[in-house]
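These notes concern the structure reproduced below.
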2 protein chains.
Amino acid sequence: MATPMDQDIPELNEFLCFEIYASNLSFGRVYKPVLDPLGLTYPQFLVLYLLWRKDARSVGEIAGALGLETSTLTPLIKRLEQAGFVTRKRDPSDERRVKVSLAPRGEVARTHLDEIRDCVGRATGLTLEEAQELQTSLRKLRTHLADS
Amino acid sequence: MATPMDQDIPELNEFLCFEIYASNLSFGRVYKPVLDPLGLTYPQFLVLYLLWRKDARSVGEIAGALGLETSTLTPLIKRLEQAGFVTRKRDPSDERRVKVSLAPRGEVARTHLDEIRDCVGRATGLTLEEAQELQTSLRKLRTHLADS
DNA sequence: ACTATTTATATCGCACACGATACAATCGCA
DNA sequence: TGCGATTGTATCGTGTGCGATATAAATAGT
């Protein structure tokens, strides 16, 4: 506990936004050693995950699902392509779209999904019930933040 | 609800880590229009906040409080200095340390703190009770993740 | 006192993440 | 049919974040 000069200003960790900020960084540090051997970053893993669920999506579709801008995803997906995880090609039915599809290496990475989930799940130290309660609150929070 | 090709793989938003990742991005989007007029980014705001509570901290002390690496903070703090929010000078009692202190513009920014808190607090759409419950869970989660 | 280690910060390269902007393909409407 | 508006991506510049490495100051051990 620090010795604050101003008792009227609370600790930083009494801010919800900071707890989320710091939790996100902590999660990243847990994922890193798990994903590094596969040659993936966490956002790249999220993109692949979407493709494992449904292949051949457009950049905009992926951006919508992740809540990111396409300007963030374009270079990220190009790195995934460069590394052999996905392929990119224009949609013949609408040449404005770029369809992103799984390449062989992307399919292989999928076989590590369970192991990744187990590893990260254990690191949380939460019961399934606690985790789901947290998710429910966060989803509600996220909806409000997005609508505000 | 999408039409998954693989029912054995859950939706992305059933992952706690993704909810936190997405919530963090959403918070950032709420803060941006509030902090932009002040000429601050969210991480820069966090650094100033620490200094409002206790002035004249070393880079390492700030890094520890935020859970960041000093390699992240050095350029960030230099930008704060460049913009006139803080000053940096070597600690005479230990020349390895750099003491970061509030400059006039940093003091002025403090007068907007209440307004920032109100604005962001309202955007969460949570009661004080819900917010505190969430914080408690997140703090517990963060502890586990850091120890794992 | 002198070296070896540790500590505090800085530098560099890479990967997000965003807003602003550009551009080509498509669509809508006269 | 044709032309203006919209849509889908890409590009650019700025600001985090990290690990690896460098460097200078302080400390420890002989």
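So you know, we letter chains A, B, ... as the sequences are listed, proteins then strands, and number each from 1.
Taken from CG in A:Leu51 to CG in A:Leu102, the straight-line distance is 4.5 Å, to the nearest 0.5 Å. Atoms CZ and CG, from B:Phe85 and B:Leu40 in turn, are 4.0 Å apart once rounded to the nearest 0.5 Å.
DNA chain C is contacted by A:Thr41, A:Pro43, A:Gln44 of residues 32-48 of chain A, taking any non-hydrogen atom closer than 4.0 Å. Taking a 4.0 Å limit (strictly below) on heavy-atom distances, residues 58-93 of chain B reaches DNA chain C at B:Ser58, B:Val59, B:Gly60, B:Thr70, B:Ser71, B:Thr74, B:Lys78, B:Arg88. Remark: B:Leu25, B:Arg29 in residues 24-31 of chain B come within less than 4.0 Å of DNA chain C through at least one heavy atom.
For B:Arg110 against A:Ile9, the heavy-atom pair with the smallest separation is NH2-CD1, 3.6 Å.
Protein chain A contacts DNA chain D from D:dT7 to D:dG19, reading 5' to 3' and using non-hydrogen atoms of the protein with a distance under 4.0 Å.
Considering only heavy atoms from C-beta on, B:Cys17 comes within 4.5 Å of A:Tyr42 through its side chain. Residues B:Glu19 and A:Leu134 have side chains not in contact (no heavy-atom distance under 4.5 Å, counting atoms from C-beta outward). Side-chain atoms of B:Tyr31 and B:Thr41, non-hydrogen and from C-beta on, never get closer than 4.5 Å to each other. Side-chain contact check for A:Arg29 versus A:Lys32: every heavy-atom pair is 4.5 Å or farther apart. Taking the side chain as every heavy atom from C-beta outward, B:Lys99 and B:Pro92 never approach each other to under 4.5 Å. Taking the side chain as every heavy atom from C-beta outward, B:Lys140 and B:Gln135 never approach each other to under 4.5 Å.
A salt bridge links A:Arg97 and A:Asp94; the closest N-O separation between the charged side-chain nitrogens and carboxylate oxygens is under 4.0 Å. Ion pair B:Arg88/B:Glu81 flagged as a salt bridge, since at least one NZ, NE, NH1 or NH2 atom sits closer than 4.0 Å to an Asp/Glu carboxylate oxygen. A salt bridge links A:Glu61 to A:Lys54: at least one charged side-chain nitrogen sits closer than 4.0 Å to a carboxylate oxygen.
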Item to complete: Begin from the C-alpha positions of B:Glu130 and B:Thr127 and carry the test side chain to side chain donor-acceptor pair (under 3.5 Å) through to its verdict.
Response: CA-CA 5 Å; B:Glu130 289 174 310; B:Thr127 66; 3.3 Å; yes
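Aromatic ring pairs are classed by plane angle as parallel below 30°, tilted from 30° to 60° and perpendicular above 60°; the pair A:Trp52 and A:Tyr49 is perpendicular.
Within the 4.0 Å cut-off from OP1 or OP2 of C:dA24, not a single side-chain nitrogen or oxygen of A:Arg96 is found.
Of the two residues contacting DNA chain C, namely B:Lys99 and B:Tyr21, the nearest-nucleotide position lying further toward the 5' end is that of B:Lys99.
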Let me have the donor-acceptor pairs involving side chains of residues 67-77 of chain B, under 3.5 Å, with sequence neighbours excluded, atom names and distances please.
{"from": "B:Thr74", "atom 1": "OG1", "to": "B:Thr70", "atom 2": "O", "distance (Å)": "3.1"}

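Remark on the helix from C:dA1-D:dT30 to C:dA30-D:dT1: inter-end axis angle 10°, axes from five-pair C1' superpositions, rounded to 10°.
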